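A short worksheet on the structure shown next.
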Amino acid sequence: MTIGILGGGQLGYMLALAGYPLDFHFRFLDPSPQAPVGRIAPRVTAEYTDYEALDRFAHGLALVTYEFENVPVEAARHLAKHVPVYPPPEALEAAQDRLHEKTLFQKLGIPTTEFRAISGAAEFARAVEALGLPCVLKTRRLGYDGKGQWVLRTREDVAALQQDFPAAPLVLEKFVSFTRELSILAVRGQKGETAFYPLVENHHRGGILRLSLAPAPQLALELQHEAESAARRILETLDYVGVLAVELFESGGRLLANEIAPRVHNSGHWSIEGAVSSQFQNHLRAVAGLPLGATRTLGHSAMLNLIGELPEPAELLAVPDTHLHLYGKSPRPGRKIGHVTVRADSARELSLRLSQLPAFFQREQFCLSVQASGASK
Ligand code: AMP
């Protein structure tokens with residue numbers, strides 16, 4: 001079976017690595033001739049809007065899926081005329097627009113922060129009055145890793161933004177003073193069966209994910225059920241097939257949904273070593289119509305992203321149960337070029353292993369605080 005994947009970045013790379021043992025073959029489509037998957041699979045280099053290239057790409061494929069959520073919905077719909085496309089293009093559409101996403105949460109009774117659609121400076125001023133400060137203005141489309149976002153804390157911040165108001169369609173959100181950021185990875189198969197990974201605690205810096213802890217420390221069963229119930233409603237309403245990530249804030253002991261990603265997700269990379277079946281394997285099982293794999297964790301894991309620079313591999317791999325994944329991308333400031341997963345049988349052992357990581361990682365403030373909280377358990 002040959003599976004077509006739209007997007008050729010590290011998520012596609014790891015999907016292919018998970019799929020080869022199942023005897024799946026892969027073909028990728030990506031506009032960049034440097035897409036990392038070029039090392040391990042055939043790749044069509046073309047724009048997503050090039051329908052002739054899409055037809056060539058789709059020829060002989062059993063199905064198409066994606067690893068990049070900003071694939072134009074029209075491209076997914078065009079492909080769906082010739083070949084099954086999972087998750088359905090409607091899921092892609094819902095996830096590409098923050099307003100649609102938040103409206104979907106509301107419709108499904110999933111708590112989210114208060115928000116307003118914004119199409120100009122006057123509407124913005126009224127919405128700031130209604131929601132109050134602090135608040136966050138976001139572009140409805142194409143924002144990622146904190147790009148296309150403005151946090152407004154004071155009247156001066158609001159006035160400064162009004163001077164040079166962004167032209168794109170926007171959404172204004174009430175700022176959530178969250179206790180922590182969490183995410184849940186969920187998977188739904190072709191017959192509607194579902195499975196959920198445990199909630200993961202995520203730490204960001206500069207708008208980029210730096211660290212995920214799986215399972216989230218001190219995870220209450222109630223919170224896990226709340227997250228699973230929200231994810232299940234989204235999966236079912238979209239008739240979803242594949243892995244879906246739901247990003248959440250924990251605030252006052254409750255969960256508020258922030259956004260969804262209709263694909264495998266950075267906060268699920270730990271599952272390669274830290275779960276019985278990884279998110280990548282489960283996505284492929286789902287889209288190929290195979291039974292889902294167990295999502296049970298194998299102890300405790302920490303996933304650290306490698307942003308812009310690499311540690312010394314020998315020093316890193318000397319720490320027991322530490323795993324290095326490099327994506328074949330050249331280092332550049334702010335670029336995700338790999339990740340490291342540290343696994344252990346207990347939270348205490350994980351904390352010890354994190355403290356043994358090379359100095360490269362100890363620079364990260366969060367890492368030190370995580371060790372401190374881990375050691376106290
Ligand atoms: P997003 O692109 O929506 O995932 O936002 C990127 C990051 O900005 C999140 O991971 C949060 O750390 C922060 N953030 C986004 N929206 C809000 C909000 N309404 N209140 C507080 N922090 C937010």
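Note that this is a predicted model, so its numbers are computed, not measured. We count ligands from 1, going down the list as the structure has it; atoms in each ligand are counted the same way. Start at 1 with the first residue, then count along the sequence.
Of the N or O atoms in Phe175, none lie within a sub-3.5 Å distance of an N or O in ligand 1. By the 3.5 Å distance cut-off applied to N or O atoms, Glu181 is counted among the residues near ligand 1.
Between Pro262 and Leu92, the closest heavy-atom pair is CG-CD1, 4.1 Å.
Contact annotation: for Val176 versus ligand 1, heavy atoms closer than 4.0 Å belong to both the backbone and the side chain. Proximity of Lys174 to ligand 1, defined as any heavy-atom pair under 4.0 Å, is confined to the backbone N, CA, C and O atoms. Under 4.0 Å from ligand 1, the heavy atoms of Asn258 that appear belong solely to its side chain.
The ligand atoms of ligand 1 that sit less than 4.0 angstrom from a heavy atom of Glu247 are 4 (O). Near His204, meaning under 4.0 Å from any of its heavy atoms, are these atoms of ligand 1: 10 (O). Counting the atoms of ligand 1 from 1 in the order shown, those under 4.0 Å from a heavy atom of Lys138 are 3 (O), 15 (C), 16 (N).
The shortest side-chain heavy-atom distance between Phe360 and Val340 does not fall under the 4.5 Å cut-off.
Atoms CZ and OG1, on Arg98 and Thr139 in that order, are 6.0 Å from each other to the nearest 0.5 Å.
No donor-acceptor pair closer than 3.5 Å links the side chain of Tyr197 to the backbone N or O of Thr297. Side-chain N or O atoms of Arg116 include none that pairs as donor or acceptor with a backbone N or O of Ala127 at under 3.5 Å.
When each of Gln10, His339, Lys336 is paired with Tyr327, the side chain to side chain donor-acceptor pair (under 3.5 Å) condition holds for His339 and for no other.
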